[in-house]
S.K.: 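Let me give you the structure first, and then I'll get to my questions.
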Amino acid sequence: MWSTPRATRSRAAERLNGVERSSRPRRASGLLWATLPVAVTAGLFWYGRAHTPDYASSLFGRRFDDANQLKAQLGTALLGLALVQLLLALWMYGRLPGLPTATRSVRTGHRLVGLAAFLLSLPIAYHCLGAYGVQLADSRIAVHSFAGCFLYGAFVAKVIVVRHRRLPGWALPTAGGALLVLIALLWYSAALWRLNGYHVPGL
Ligand code: HEM
């Protein structure tokens, strides 16, 4: 049976209405996910500025200079894990010439190394936040403090991007790249600074 142009138009309008109605909650939930990394970063910054530093707080039983020395070593291990992550990601994207196509175990390895990096960062950041908080006294310390807060926003963003498969293809490498840059910046501005006799070029 043929339908009149009017009936066709009203069906089309109904369909459009349905699409709009169903895309509205999706847009709202997208906005909610996008605010989560910002909220984590802002929350850490607020806490780091608001609480009173406890310079004597301990890291695995070490305090003051000893704790900072240990943090510099753990931070270097963290950078090592981040670089392994980069190599595994390049392998998965087929960007390492001479290597066969990445298998499932490469993907699992990437996940496990990522989890290990996240867990390793926690005691370091916990000590930094407790002992010093967010300090903006000079450019090196300010860069370090900002990078520390952004790091956990970036961790959250990466997990969100991994779980939301509808996002564009560049989202995952961008989130992963941001994590690597932040870890490198944290290492450079504090761990290398310390291991290099309290000096790094440019900061
Ligand atoms: C919320 C996250 C973080 C905040 C707010 C933060 C903040 C700070 C501040 C204010 C200091 C004292 C400034 C200094 O003397 O260098 C410090 C020290 C330090 N931070 Fe962090 N940090 C964070 C995370 C990290 C992470 C993930 C690393 C790993 C690389 C790290 C490594 C270090 C090291 C090694 C020191 C000691 C430097 C020294 O010998 O004085 N921090 N942090």
Side-chain angles (χ1 to χ4, degrees), residues 34-89 110-162 173-203:
T35 54
L36 216 58
V38 179
V40 168
T41 303
L44 284 174
F45 186 83
W46 169 81
Y47 176 77
R49 291 299 287 165
H51 101 291
T52 309
D54 171 14
Y55 296 109
S57 73
S58 99
L59 174 69
F60 301 125
R62 303 206 198 180
R63 290 169 204 279
F64 303 109
D65 240 30
D66 281 353
N68 284 341
Q69 177 68 24
L70 178 59
K71 274 196 299 190
Q73 289 157 351
L74 295 177
T76 304
L78 178 62
L79 179 68
L81 289 178
L83 291 174
V84 172
Q85 279 294 77
L86 172 67
L87 287 177
L88 292 173
H110 185 77
R111 268 193 204 154
L112 290 178
V113 174
L115 179 65
F118 174 70
L119 294 178
L120 178 60
S121 79
L122 288 179
I124 310 174
Y126 183 77
H127 184 268
C128 283
L129 265 178
Y132 305 107
V134 168
Q135 295 191 12
L136 310 170
D138 70 41
S139 56
R140 179 185 65 81
I141 294 177
V143 164
H144 182 79
S145 296
F146 276 117
C149 298
F150 276 113
L151 180 69
Y152 290 95
F155 266 128
V156 171
K158 171 90 193 289
V159 173
I160 291 172
V161 170
V162 167
T174 306
L179 270 175
L180 177 63
V181 168
L182 288 166
I183 289 172
L185 205 55
L186 282 160
W187 174 78
Y188 188 82
S189 59
L192 181 64
W193 175 79
R194 187 187 174 88
L195 297 171
N196 194 39
Y198 305 100
H199 171 79
V200 282
L203 281 178

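Side chains included, hydrogens not; waters and symmetry mates left out as well; all remaining heavy atoms used. All values derive from a computational prediction rather than experimental measurement. Both ligands and their constituent atoms are indexed starting at 1 by order of listing.
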S.K.: Does the side chain of L180 come within less than 4.5 Å of L83's, by heavy atoms?
M.R.: yes
S.K.: Is there a donor-acceptor contact under 3.5 Å from the side chain of Y126 to the main chain of L59?
M.R.: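 Judged by distance alone, no pair lies under 3.5 Å.
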S.K.: If you take the centroid of each ring, where Trp contributes its six-membered ring, are Y198 and W193 closer together than 6.0 Å?
M.R.: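 Yes - the distance between ring centres of W193 and Y198 falls below the 6.0 Å cut-off.
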S.K.: Look at atom 39 (C) of ligand 1 and say which protein heavy atom is nearest, naming residue and atom and giving the distance to 0.1 Å.
M.R.: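 Minimum-distance protein heavy atom for atom 39 (C) of ligand 1 reads W193 CZ3, 3.6 Å.
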S.K.: Please report, to 10°, the angle around atom 21 (Fe) of ligand 1 from atom NE2 (H144) across to atom SG (C128).
M.R.: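 The two atoms subtend 170° at atom 21 (Fe) of ligand 1.
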S.K.: I'd like to know if A72 contacts ligand 1, where contact means a heavy-atom distance under 4.0 Å to any ligand atom.
M.R.: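 A72 counts as a contact of ligand 1 under the 4.0 Å cut-off.
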S.K.: Does the plane of the ring in F155 sit parallel, tilted or perpendicular to the ring in Y152? Use 30° and 60° as the thresholds.
M.R.: tilted
S.K.: In the protein, which heavy atom is nearest to atom 36 (C) of ligand 1, and how far is it?
M.R.: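 Checking every protein heavy atom, the shortest distance to atom 36 (C) of ligand 1 gives A190 CB, 3.6 Å.
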S.K.: List every atom of ligand 1 that sits less than 4.0 Å from any heavy atom of R140, numbering the atoms from 1 in the order shown and giving each element.
M.R.: 14 (C), 15 (O), 16 (O)
S.K.: Which option, R194, K71, R49, owns the non-hydrogen atom nearest atom 40 (O) of ligand 1?
M.R.: R194
S.K.: Would you mind finding which of L79, I124, V134 brings a heavy atom closest to atom 28 (C) of ligand 1?
M.R.: I124
S.K.: Under 30°, 30 to 60°, or over 60°: which ring-plane class applies to F45 and F146, parallel, tilted or perpendicular?
M.R.: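 Parallel, since the angle between the ring planes stays under 30°.
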S.K.: F45: heavy atom below 4.0 Å from ligand 1, yes or no?
M.R.: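 For ligand 1, residue contact (heavy atoms, under 4.0 Å) with F45 is absent.
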S.K.: Are the side chain of R140 and the backbone N or O of L203 linked by a donor-acceptor pair below 3.5 Å?
M.R.: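 Not confirmed, R140 side chain does not pair with L203 backbone.
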S.K.: For atom 11 (C) of ligand 1, which protein heavy atom lies nearest, and how many Å away is it?
M.R.: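 The closest one turns out to be Y132 CD1, 3.5 Å.
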S.K.: Select the closest option to atom 1 (C) of ligand 1 among G148, A142, G130, judged by heavy-atom distance.
M.R.: G148
S.K.: What residue and heavy atom of the protein are closest to atom 30 (C) of ligand 1, and at what distance?
M.R.: G75 CA, 3.7 Å
S.K.: Given side chains that start at C-beta, do those of K71 and L78 come closer than 4.5 Å, heavy atoms only?
M.R.: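 No, every pair of side-chain atoms sits at 4.5 Å or beyond.
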S.K.: Nearest heavy atom to atom 10 (C) of ligand 1: which of A147, A184, G133 does it belong to?
M.R.: G133
S.K.: Take V159 and F118 through the test side-chain contact (heavy atoms from CB on, under 4.5 Å) and record every step on the way to the result.
M.R.: CA-CA 11 Å; V159 173; F118 174 70; over 6 Å; no
S.K.: What do the steps show when you test L179 against L151 for side-chain contact (heavy atoms from CB on, under 4.5 Å), and what is the final call?
M.R.: CA-CA 6 Å; L179 270 175; L151 180 69; 3.8 Å; yes
S.K.: In the protein, what heavy atom is nearest to atom 27 (C) of ligand 1, and what distance, to one decimal place, separates them?
M.R.: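 Ranking protein heavy atoms by distance from atom 27 (C) of ligand 1, first comes L186 CD1, 3.7 Å.
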